[in-house]
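The structure under discussion appears below in the form of structure tokens.
Both ligands and their constituent atoms are indexed starting at 1 by order of listing. In this text the structure is predicted, and so the values were computed from the model without any measurement. Both backbone and side-chain heavy atoms feed into the values below; hydrogens, waters and symmetry mates do not.
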Amino acid sequence: MDAPNASSSYDTIANIIRDSHATRVVVLTGAGISTSAGIPDFRTPSTGLYAKLAHLKHLPYPEAIFSYHYFKHSPELFYAIADVRHPRNLKPTISHAFLALLAKKNLLHMVVTQNIDGLESAAGVPPEKVFACHGSWDTQRCITCKEPFPDDRMKEAITQGIVPRCLATDACDGIVKPDIVLFGEPLREGFEEKAEHKVVEADLVFVMGTSLKVHPFANLPRLACAGVPRVLINREKVGDLGNRKEDLCLLGNCDGEVRKLADALGWKKELETLWGAKTEHVEGNETDGEDYTVRLDAAIDKLAGMLDESLSISKGHKSMLERHLTEKLARLPKPPERDEK
Ligand code: APR
């Protein structure tokens with residue numbers, strides 16, 4: 001499809017919102033909407049988290065760090081980088097503020113996000129208008145007995161990079177995990193009702209900052225009814241966006257594209273004011289660019305050391321067992337040799 005020239009795209013979308021009275025806007029978001037807040041996304045080559053984890057020779061594959069089965073036997077690796085992934089003191093971006101403005105104008109039907117950073121609510125989107133399908137850091141519990149774990153103790157464990165253990169009973173001592181959905185776990189309840197049905201009901205769909213690589217989220221844009229405009233705001237084309245005649249692709253950074261769209265809508269001042277009000281209270285963004293990358297690289301170096309150490313322990317363990325078994329076998333009485341006569 002030949003994309004109309006850029007300025008007309010913004011005007012087209014502005015007209016859909018203003019003149020066609022879109023009032024059931026659904027926004028589908030991924031890590032790309034939070035990168036300017038300081039959290040790297042996952043799959044951008046060289047800067048994405050998986051690119052940084054790919055060089056760790058003992059990690060089976062980068063996504064393993066977020067696999068439930070890997071977490072169960074090596075939770076210390078997850079907690080080695082939890083502190084830099086945790087959304088503490090993060091400022092919501094102006095893109096998050098745009099979602100809050102849609103809600104303020106009673107146009108937002110639902111934000112369905114893959115992100116666990118909670119920045120939509122921090123920007124002012126009402127909780128009932130956000131469905132975080134991969135969970136969030138807000139709560140945590142023991143993976144064995146499911147007992148909730150205290151927030152303050154969790155913050156301590158994350159800051160110190162140690163594995164929190166269940167406090168319910170001495171007998172349990174299970175590993176505590178934030179209520180985020182790791183690979184291999186079922187999605188949060190409500191995906192059909194709060195994600196799929198909402199997209200089917202939408203009269204305008206935005207897809208923002210996602211590679212659409214992870215299912216079932218990746219299938220959501222296809223559920224938009226025929227004739228419903230779908231607007232992609234992303235650095236590159238993803239999924240089947242652009243294949244329908246009503247699709248519009250704004251290829252660029254979320255924040256820049258959102259500002260141009262707000263301008264076309266005549267919402268620029270209102271958006272900046274709303275964003276300012278929601279971020280002035282957030283003291284220095286601990287995870288600003290440089291500082292954040294330094295902290296992430298340091299956490300990954302620590303992770304590399306832990307992997308090397310755990311591997312050498314298991315290698316040492318293996319050779320000790322082999323030596324022990326050899327010595328034990330050597331001490332066994334020799335079985336009578338079969339007489340060859
Ligand atoms: N503006 C616009 N697009 C951006 C920006 C930005 N500032 N930053 C990154 N992007 C784009 C990238 O080009 C990429 O297409 O956002 C997309 C991010 O893709 P991923 O890193 O794969 O993140 P996401 O789609 O959210 O991943 C989905 O994978 O590992 C799991 O659980 C994890 O929820 C995550 C899921």
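- In this structure, K104 fails the cation-pi test against W267, since its NZ or CZ atom is not both closer than 6.0 Å to the six-membered ring centre and inside 45 degrees of the ring normal.
- In this structure, the side chains of D263 and Y10 stay at 4.5 Å or more apart for every pair of heavy atoms.
- Taking a heavy-atom cut-off of under 4.0 Å, ligand 1 is surrounded by G30, A31, G32, T35, D41, F42, R43, T44, Y50, Q114, H134, F183, G209, T210, S211, V214, N234, R235, E236, G252, N253, C254.
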Please step through ring-ring contact (aromatic ring centres under 6.0 Å, His included) for the pair Y50 and F42, ending with a clear verdict. CA-CA 5 Å; Y50 293 152; F42 296 92; 5.3 Å; yes
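- For Q160, the CD atom is densely surrounded, since the number of other residues' heavy atoms within 6.0 Å is greater than 12.
- Pairs of residues two or more places apart, or lying in two chains, that qualify as salt bridge (charged side-chain N to carboxylate O under 4.0 Å, His left out) and include a residue from residues 21-30 are R24-D203.
- Between F71 and F78, the ring planes lie perpendicular to each other; the angle is over 60°, past the 30° to 60° tilted range.
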